[in-house]
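Below you'll find the structure, written out as structure tokens, and then a few comments.
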Amino acid sequence: MVYTLGAAADPATGTGRIHTLITAQGARVTDVDLDSYVADLTAKDLRELYRDMTLVRRIDSEGFSLQRQGQLGLWAPSLGQEAAQLGTARALRSDDFVFPSYRELGVVYARGATASDLVNTWRGERNSTYDPYEINTATMQIIIGAQTLHAVGYAMGIQRDGQDQVAVAYFGDGATSQGDVNEAMVFAASFGAPVVFVCQNNQWAISEPVGVQAAAPIAGRAPGFGIPSVRVDGNDVLACFAAMRWALSQARSGQGPVFIEAVTYRMGPHTTSDDPTKYRDEAELDLWRTRDPLARIETFLRSIGEFDDAFAAEVAAQADALGAEVRAACLSIANRAPIEVFDHVYAEPHSALERQRAQFAAYLAGFEEDAR
Amino acid sequence: MVYTLGAAADPATGTGRIHTLITAQGARVTDVDLDSYVADLTAKDLRELYRDMTLVRRIDSEGFSLQRQGQLGLWAPSLGQEAAQLGTARALRSDDFVFPSYRELGVVYARGATASDLVNTWRGERNSTYDPYEINTATMQIIIGAQTLHAVGYAMGIQRDGQDQVAVAYFGDGATSQGDVNEAMVFAASFGAPVVFVCQNNQWAISEPVGVQAAAPIAGRAPGFGIPSVRVDGNDVLACFAAMRWALSQARSGQGPVFIEAVTYRMGPHTTSDDPTKYRDEAELDLWRTRDPLARIETFLRSIGEFDDAFAAEVAAQADALGAEVRAACLSIANRAPIEVFDHVYAEPHSALERQRAQFAAYLAGFEEDAR
Amino acid sequence: MTAMTMGKSLNAALHTAMRRDERVLVMGEDVGRLGGVFRITEGLLDEFGAKRVIDTPLAEAGIMGTAVGLAMRGFRPVVEIQFDGFMYPAFDQLVCQVAKLHYRTLGRVKMPLTIRVPWAGGVGAAEHHSESPEAYFVHTAGLRVVAVSDPQDAYVMLQQAIASDDPVVFLEPKRLYHTKGEVDLDANLADAAPMGLARVARPGTDVTLVTYGGQVRTALDAAVAAEDEGVSIEVIDLRSISPIDYDTVDASVRRTGRLVVTHEAGREAGVGAEIVASVTERDFEYLESAPVRVTGHDVPYPPSKLEHSHIPDLDRILDGVDRALGRPNSLTGVAL
Amino acid sequence: MTAMTMGKSLNAALHTAMRRDERVLVMGEDVGRLGGVFRITEGLLDEFGAKRVIDTPLAEAGIMGTAVGLAMRGFRPVVEIQFDGFMYPAFDQLVCQVAKLHYRTLGRVKMPLTIRVPWAGGVGAAEHHSESPEAYFVHTAGLRVVAVSDPQDAYVMLQQAIASDDPVVFLEPKRLYHTKGEVDLDANLADAAPMGLARVARPGTDVTLVTYGGQVRTALDAAVAAEDEGVSIEVIDLRSISPIDYDTVDASVRRTGRLVVTHEAGREAGVGAEIVASVTERDFEYLESAPVRVTGHDVPYPPSKLEHSHIPDLDRILDGVDRALGRPNSLTGVAL
Ligand SMILES: Cc1ncc(C[n+]2csc(CCOP(=O)(O)OP(=O)(O)O)c2C)c(N)n1
Ligand SMILES: Cc1ncc(C[n+]2csc(CCOP(=O)(O)OP(=O)(O)O)c2C)c(N)n1
Ligand SMILES: [Mg+2]
Ligand SMILES: [Mg+2]
């Protein structure tokens, strides 16, 4: 029997209720399914989530500029998705293991990636920066959906080790169309693996609205695979945190996989290569601006007297410092030597590649001689 | 809003009701969802379905023996699945287009394949026998699930042609795990394509019970994609016929894709290469013997006085004649010449392959010279 | 004749082909409203509507597999795979269905698919966006594979590919999308050279330099540079890499006696291996030196800042030419 | 030494490897209760339980992708892909993840996967059950590819593949599963030849015949037959086809001056192309005649009754040997 948290809340429309704890207007509302998961949270915790989101937004804008200035090859903004990313990621234990996609700046930040890691992924010098085992987070995945299977496999490994960590797969609404993501649900359900699927439905897959991918709410797909799911307001950091705690408690206690759809919005372009004015209306963006994840938590905290200008200024200053740190880390990174294209192809000696490497070294040496 | 025919009938168990019109004991029962779809059927129609199933079972056993006698490379028995196959396939119009898998002997028979076609697919001389366009049926697919996407694409073509045919994809329970099948549901729902998915859940994918593939009832997966579905007794030819009529009426009238799960049983081995005693209990088979699709329709027809020994004998004789025809068609088929390995790789002239062909012809000619 | 980029000429070819035959469809991710991430399908949705220009769900197997079904229904789908590195989810449908259906059905089912792929590197892209997977396709019987290198060829060959009753993998070098050239938009397809024929891009006498796609430009640059050193390179643009037009290659190699092949893809079992092997079989007695391959390294495509150490540039090609000519080169005294 | 079939020796190797290292897992379709459709995993479920011997859902991308995750968690998955023709749904995970993760992560994430594939034809199977896709894997940087040809090698090399920290595509010729040979079950891995080395399967002086997998037997038969005609063939079993042990091949070709390569896969951009190209580059001055490829045709694998016109048999190999030796052969006077 599939247990679907709140899925039947709105059977009349079939769209499934979107669980919210703090509305777009900054009001705290009750949700019987989620409330208990955040009962222990203090205003300070919420302020820290605000801080996280603000810092991530600042890194994001810095990354964007660095790309525009030719310092990064590409940038995939997380603007607008801070609540979905931080809310879910901050509910994790450090020994859980996360499989993010390219857009999860906020998740990777929450996992402990350094300032340098956060931007230099896009520098073009290295395909990955941090050591996955140091922050228990895989390299951001570019092949849409591929990481969901890795998460399930990792979770199967956790089961085999008899431990209680959880693997988490992050992906987008577009990714739900990929075979891999559906197979991931099949495997996860078949083995009852401790994995949480976090789908950030940001309404767009490059130029395609979510309706191209899904004729029914995304959260509604998981129960058909035998996976309980929840549809949560992805711009409500508290609801995301609560939903993730619910999901983790299920998965951690041996009840198998869980699926979260965080309904949010990609406020920026798909990447710095994209021009969204070609395919979407400014009016839509305006609407989602009124649902901004940072604004609403600020409004809520102010309304309960837990947020003042001094705090805002402190966080802003911290953000600027982090922005500067990120920029410096980007500009100071050393170039790799041409011969390094051969590094790390294999873990063990490989006769053919060693030969090629030696030949290329000889070729490069010729230039050095010429230069002398 | 997803309309799911009868899906909520048994929310307590979550297993979904299995729609039945004729029970395993041969009793006609009422089903409010399905009854109207067979209101026009006469006893004669049912006798013809019995005839179909008997003939198909006979071809199946003939194919099996031919394989055992070394006349066919392989045989994939349809034994036990006659109702699911004939019930659904007989509801089709001849201008609908069917995409079967290797096990759909009954479907391909119903579409009009000749006796020769039915066995010689497995002879090893040709990968396919009938012309797909003559019987509006694709070559039986061996890559699990691949044909479901073809069906959806074909259905998109029907839409573009503004016509009212329906494309039908047949596949097994194991196939539901494949990315392709899930992507097929995504595409079908996205475009509202006139396609019917017919999943014969015969409980096994070679040695793996359906529980390995699906942690929840298979029919329950489609609604999550926005596709209405029904779970039907696959050994009840009348219910299968009714469910298919419902599905076709939906799809044909522009309401988009429909999913049918026909719950049935693979009574034979997976193929002639398989030995099911390695992995399943005789007791399970015994249980399903009591649900035999032919026996129950016979019992029902006898109970209403529409079936007598003379009819049974007539059909048996016809079956024997067909068996003999099939056997003759298998034994009489001409061998293909070695050079034919080069036929039909491309539709247009291909310089490299023509060269290779000429070279191989020269090589073969050498033997002929030697032989002279 | 009109001066335009290759991107524009491909776009023009799609317009022309869709106007000519209403069974031609365009489908893929972002090909509709956006006009494709490289704008190759720009304007098609407006002119031909959503029935013929289809923004598909994000699933390459789904795209390829539904295109198969559309082809079975008598359409001629032009599929866009957004980047070379995203071909792989569609590989099963490509290899087991697209390539084999005509064979499987004894010629009854045709597969007139054109599979357009923005292809290969040199544009500073992220991982998976600069792959050269062409050897996989060349090794797959049942497919045809072409690679374009200038706007005019692109214009004509894309139409030829669409008109072909066989499936054609159509490779568009990303780094040449913005290269300009003169295009005859009224070119009569019937008069054009068939897409299966190679082209001598630059005649020469000392060594035959065979290549295709993005490397054609680099090869031509190398030929110019070599001329200054008194070496005459004949550059052959294969255009079709399956099948390969060996008559044109033979004619050249039999004159020059020396062969260099260059491509971006890795060397092991690459298209260069095929060319060297076939030329050696066919022209052994004409060869004055061992054929030389100048290719990408056998490594995953490197991060973009290192890609120029991977894609053979003019210097590496000339080094290979020196080797073919028996002149001192980087491998003099180095074990092969 | 024990006489056993290759199927049994592979089974023994899995038992040994799983006993030695509890991080070794076996996963795939029907590998558990049934013991695999070829019974290569027979008895493993009983001995090691469902945690280590995993019957997976029917989805190859899912198998490969979850194996990646298990490897990231520190396991050593031995994946069975039920038949060669079912590798393709897993191709994306194989090429973009398995092959690239070590590179992507600067060596931090290892991928000690072994991907076992019942491989190639000659057993009268249905479509998609007799494919020779090895060139795809050989062309993919980051993978290792080995092919076994006798029970002893199978026993040792499977254990070596499992012990390797790199992903290894392990090709098991179906038509040799029932071939018997002597196997030393106590063979010490440390003493065994590394799996990367080729083996002179039969010494000879006139021509070098290079092959791997199922064709090794046929090549040996051809060598015996040739001996009757006074031709001495040296047969080299490559064992590893990525990387290829060119030292062993060079040594032979430099003695014989003549090269024939045979494999079941098609010719275009196949492994044979790689071998001919590399040998030509490396040993040009030693070659007395053009190297010869004797391969499957460039057609989809044909229906089983025609497969013996496809797989190069003894006669076709000897015809190729005649060509290499400059003796009359089927192509005398025929255009290449
Ligand atoms: C297999 C594959 N196909 C296509 C792409 C190209 N691509 C990159 S992002 C993207 C859209 C992804 O949309 P979604 O999953 O909603 O994630 P989002 O970008 O909105 O975070 C596409 C089509 C890819 N990276 N991988
Ligand atoms: C892509 C692919 N993987 C594996 C196989 C091997 N195989 C053939 S049939 C089968 C089981 C299919 O089970 P199911 O879908 O339930 O259909 P059934 O045989 O029960 O009719 C498997 C694993 C295949 N044919 N194709
Ligand atoms: Mg999105
Ligand atoms: Mg089944």
Side-chain angles (χ1 to χ4, degrees), chain B residues 73-74 76 102 121-128 142-146 172-180 205-209 212-214 270-271 273-276 278-280 335-345 350 352-353 355-367, chain D residues 29-39 42 54-63 65 82-83 85-86 88-90 92 123-129 266-268 295-310 315-316 319-320 328-336:
Chain B
L74 191 76
Y102 51 87
T121 306
W122 299 107
R123 175 86 172 163
E125 292 282 353
R126 290 168 183 78
N127 288 322
S128 64
I142 289 177
I143 298 292
I144 298 296
D173 47 305
T176 61
S177 294
Q178 284 284 6
D180 276 13
I206 309 186
S207 73
E208 300 187 353
V212 172
Q213 320 290 340
H270 170 67
T271 65
S273 302
D274 181 41
D275 173 9
K278 291 235 166 215
Y279 54 81
R280 73 180 182 189
N335 288 349
R336 292 172 78 198
I339 196 72
E340 291 185 49
V341 292
F342 288 100
D343 288 357
H344 309 300
V345 182
H350 188 282
L353 201 66
R355 217 152 40 217
Q356 261 189 33
R357 186 193 187 100
Q359 292 168 6
F360 193 57
Y363 171 80
L364 293 172
F367 281 91
Chain D
E29 294 155 10
D30 307 292
V31 298
R33 188 99 80 95
L34 179 62
V37 293
F38 290 103
R39 307 292 185 269
E42 191 144 55
I54 311 173
D55 267 332
T56 65
L58 205 179
E60 289 76 10
I63 298 170
Q82 198 163 75
F83 280 86
F86 311 144
Y88 310 125
D92 176 58
V123 297
E127 204 188 353
H128 311 292
H129 290 70
R267 194 171 66 183
E268 293 286 309
T295 69
H297 311 299
D298 286 310
V299 304
Y301 198 87
S304 59
K305 294 260 183 184
L306 291 178
E307 70 181 341
H308 295 297
S309 307
H310 181 69
D315 287 324
R316 269 164 75 196
D319 183 57
N329 66 84
S330 71
L331 296 189
T332 308
V334 174
L336 271 194

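The sequence lines fix the lettering, A, B, ..., with proteins before strands; numbering per chain opens at 1.
- Between B:Phe367 and D:Asp315, some side-chain heavy-atom pair lies under the 4.5 Å cut-off.
- Only the side chain of B:Phe360 comes within contact range of chain D, with at least one heavy atom under 4.5 Å from a heavy atom of that chain.
- With a 4.5 Å cut-off on non-hydrogen atoms, D:Val299 touches chain B through its backbone and its side chain both.
- Here the straight-line distance linking atom CZ of D:Arg39 with atom CG of B:Asp275 works out to 6.5 Å at 0.5 Å rounding.
- Heavy atoms closer than 4.5 Å to chain B are found in the side chain of D:His129, but not in its backbone.
- Going from atom CD of B:Glu208 over to atom CZ of D:Arg33 covers 10.5 Å, rounded to the nearest 0.5 Å.
- With a threshold of 4.5 angstrom between heavy atoms, D:Leu331 approaches chain B through side-chain atoms but not through N, CA, C or O.
- Contacts between D:His297 and chain B at a heavy-atom distance below 4.5 Å involve backbone atoms as well as side-chain atoms.
- Every residue two or more places apart in sequence or in another chain was checked for a side chain to side chain donor-acceptor pair (under 3.5 Å) with B:Gln359, and none qualifies.
- In terms of heavy-atom pairs under 4.5 Å with chain B, the best-connected choice from D:His128, D:Glu268, D:Glu29 is D:His128.
- Smallest separation of non-hydrogen atoms from D:Leu34 and B:Ile206: CD2-CG2, 4.0 Å.
- Remark: of the listed residues B:Val341, B:Ile339, B:Leu364, B:Val341 is the sole one forming a side-chain contact (heavy atoms from CB on, under 4.5 Å) with D:Ser309.
- Chain D forms the most heavy-atom pairs under 4.5 Å with one residue out of B:Arg355, B:Gln213, B:Gln356, and that residue is B:Gln356.
- No other option in B:Gly124, B:Ser177, B:Ala362 has as many heavy-atom pairs under 4.5 Å with chain D as B:Gly124.
- Comparing D:Val334, D:Asp319, D:Asp55 by how many heavy-atom pairs each has under 4.5 Å with chain B, the most go to D:Asp55.
- Between D:Ala126 and B:Leu74, the shortest heavy-atom distance links the atoms CB-CD2, 4.5 Å.
- For chain B, the nearby parts of D:Glu60 are the backbone and the side chain; heavy atoms of each come within less than 4.5 Å.
- Put simply, the side chain of B:Glu125 does not reach to within 4.5 Å of the side chain of D:Pro303, judged on heavy atoms.
- Comparing D:His308, D:Arg267, D:Glu307 by heavy-atom pairs within less than 4.5 Å of chain B, the highest count is held by D:Arg267.
- Between B:Lys278 and D:Glu42, at least one side-chain nitrogen of the basic residue sits less than 4.0 Å from a carboxylate oxygen of the acidic one, meeting the salt-bridge criterion.
- Both the backbone and the side chain of D:Asp30 come within contact range of chain B, judged by heavy atoms closer than 4.5 Å.
- Between atom CD of residue D:Glu127 and atom CG of residue B:Asn127 there is a gap of 4.0 Å, rounded to the nearest 0.5 Å.
- Contacts between B:Ala337 and chain D at a heavy-atom distance below 4.5 Å involve the backbone alone (N, CA, C, O).
- For the atom pair CD1 of B:Ile142 and CZ of D:Phe86, the computed distance is 7.5 Å after rounding to the nearest 0.5 Å.
- With a 4.5 Å cut-off on non-hydrogen atoms, B:Ala175 touches chain D through its backbone but not through its side chain.
- Using a 4.5 Å cut-off between heavy atoms, D:Asn329 does not touch chain B at all.
- With a 4.5 Å cut-off on side-chain heavy atoms, B:Arg336 and D:Leu306 count as touching.
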